[in-house]
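Down below is the structure, laid out as structure tokens.
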Protein chains: 2
Amino acid sequence: MLKLDARIKLLNAAIEVVRKQGYAATSVDELCKKAGVTKGAFFHHFESKNALAIAAANHWSETTGALFAGAPYHAPADPLDRVLAYIDFRRELLRGTPAEFTCFAGTTVQEAFATNDDIRAACKASIFGHAETLVADISQAMRHHKVKGDWTALSLALHTQAVLQGAFVLAKATGDAAVAVESANHLRRYVELLFNRSTKDKSK
Amino acid sequence: MLKLDARIKLLNAAIEVVRKQGYAATSVDELCKKAGVTKGAFFHHFESKNALAIAAANHWSETTGALFAGAPYHAPADPLDRVLAYIDFRRELLRGTPAEFTCFAGTTVQEAFATNDDIRAACKASIFGHAETLVADISQAMRHHKVKGDWTALSLALHTQAVLQGAFVLAKATGDAAVAVESANHLRRYVELLFNRSTKDKSK
DNA sequence: GCTTACATACCGACTGGTTGGTATGGCGTC
DNA sequence: GACGCCATACCAACCAGTCGGTATGTAAGC
């Protein structure tokens with residue numbers, strides 16, 4: 001029978017291994033071993049290691065995109081509640097080891113931003129593309145709650161991603177999710193304060 | 001004497017090159033070339049590449065520690081003003097290319113956290129040690145402005161570092177400091193809101 | 001129905017260059 | 001003449017990438 005899954009197995013292996021030990025420290029042989037395929041399969045599907053990184057970043061965008069699209073935080077009627085529910089959802093994802101809950105794009109872009117512009121662009125597209133899915137809810141929340149400031153919905157959306165990426169860094173430094181959860185709590189509190197929402201029902 | 005110590009030159013080279021291209025992608029030969037010394041000098045001062053990473057993290061702690069200790073943000077009488085001035089100071093440092101203003105410890109810990117615990121610990125000490133220098137001002141600000149919440153001075157100090165580390169990641173993704181400056185503005189606004197400080201005199 | 005031709009998916013031994021690390025020896029200073 | 005400091009030469013391991021090959025399917029030609 002024809003096996004078409006070598007490519008997918010390699011992409012999943014890349015996301016798993018690179019998040020744990022970084023991109024440059026991960027060899028092609030190691031990925032092949034993890035994926036259970038040979039080097040021939042690797043270079044059949046990807047013309048280079050860098051090409052795999054780009055494909056893996058796109059794969060990461062797709063899988064996480066599907067996860068967030070199907071998440072329950074879109075349910076509330078009030079757009080602000082949706083934004084707060086998003087932050088809660090992100091906080092709930094902070095479980096297990098840092099290698100398990102951190103971001104492939106954020107990890108990879110730190111290593112490749114100055115040396116490979118295609119990888120940098122693919123990682124940027126992943127992070128910024130996700131941020132853009134938050135803009136509609138934030139914009140509606142600003143109008144609905146009559147909030148105006150010298151900041152835009154996009155800048156707040158990107159700030160949420162900055163907080164999460166930074167929380168990942170601190171979690172890696174400690175080896176524990178706790179410090180990341182604390183930052184997510186601060187992020188939630190910031191949004192509550194921006195929109196004058198009482199902080200009483202926070203699930204901390 | 002003009003001739004700087006080979007050790008210091010290697011440490012400075014490591015901080016410069018690793019911030020640009022990551023730790024694993026940086027070879028010993030490359031560092032020696034950058035520092036203008038030979039491999040013999042490298043392995044005379046450091047028993048391994050990993051040992052250099054630990055020493056570089058400690059060196060980073062010392063040089064940045066001196067920078068922040070001598071910075072003007074300690075001047076204001078009101079502790080809250082000192083905290084806000086700290087954030088402004090960090091924002092002003094966001095100039096040039098990402099490789100120039102980002103954090104060696106944050107960059108390195110992402111690559112080494114799961115594979116080398118000594119490097120991880122040295123990077124954690126750098127980031128957390130800096131955060132701890134903020135705790136006194138935040139604690140005083142909480143008492144002085146009679147602010148209480150379900151958060152601690154240390155957790156806010158660590159949150160500032162998370163925001164900055166995340167801002168670095170986004171800056172690397174875009175290749176530009178602008179997105180990091182925006183996150184620093186959000187961080188300042190959060191602290192102002194936490195302490196009920198008017199946001200009129202912000203220098204955005 | 002059978003041949004020929006070509007495309008896709010994958011295998012694994014191999015290569016040339018690079019890697020972190022070593023062995024040894026020179027040189028200035030105490 | 002011991003010792004810190006550093007240079008040169010070298011090595012085994014590992015690296016990304018190559019290449020000739022196999023297995024399977026597909027489709028045209030007759």
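Just so it is clear, the model here is predicted, and its values are computed rather than measured.
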Once you round it to whole Å, what is the distance between [atom2] of [N] and [atom1] of [X]?
X	N	atom1	atom2	answer
B:L52	C:dT19	CG	C1'	15 Å
B:F46	D:dC5	CZ	P	12 Å
B:D29	C:dT22	CG	C1'	13 Å
B:R7	D:dG4	CZ	P	15 Å
A:K33	C:dC10	NZ	P	21 Å
B:H44	C:dG26	NE2	C1'	14 Å
A:F42	C:dA9	CZ	P	16 Å
B:K9	D:dC6	NZ	P	8 Å

Under a 4.0 Å threshold between the charged nitrogen and the carboxylate oxygen, would A:R188 count as salt-bridged to A:E192?
yes

Note: B:D78-B:R197 ion pair, threshold 4.0 Å (strictly below)
yes

Under 3.5 Å, is there any donor-acceptor pair linking the side chain of B:K49 to the base of C:dG21?
no

Going by modelled atom types, is there a donor-acceptor pair between the base of D:dA7 and the side chain of B:K39 at under 3.5 Å?
no

Just compare [options] and give me whichever is closest to any side-chain atom of [X].
X	options	value
B:V28	C:dG21, D:dG17, C:dG20	C:dG20
A:S27	C:dC11, D:dC15, C:dT19	D:dC15
A:F43	C:dC10, D:dA16, C:dT19	D:dA16

Base, sugar-phosphate, or nothing: which does B:T38 touch, judged by heavy atoms less than 4.0 Å apart?
base

Does NZ or CZ of B:K39 fall inside the cone over B:F42's six-membered ring, less than 6.0 Å from its centre and within 45° of the axis?
no

Is the NZ or CZ atom of A:K49 both under 6.0 Å from the centre of the six-membered ring of A:Y23 and within 45° of that ring's axis?
yes

Under 3.5 Å, is there a donor-acceptor pair linking the side chains of A:E111 and B:Q110?
no

Using a cut-off of less than 4.0 Å, is there contact between a side-chain N or O of B:H45 and OP1 or OP2 of D:dC5?
no

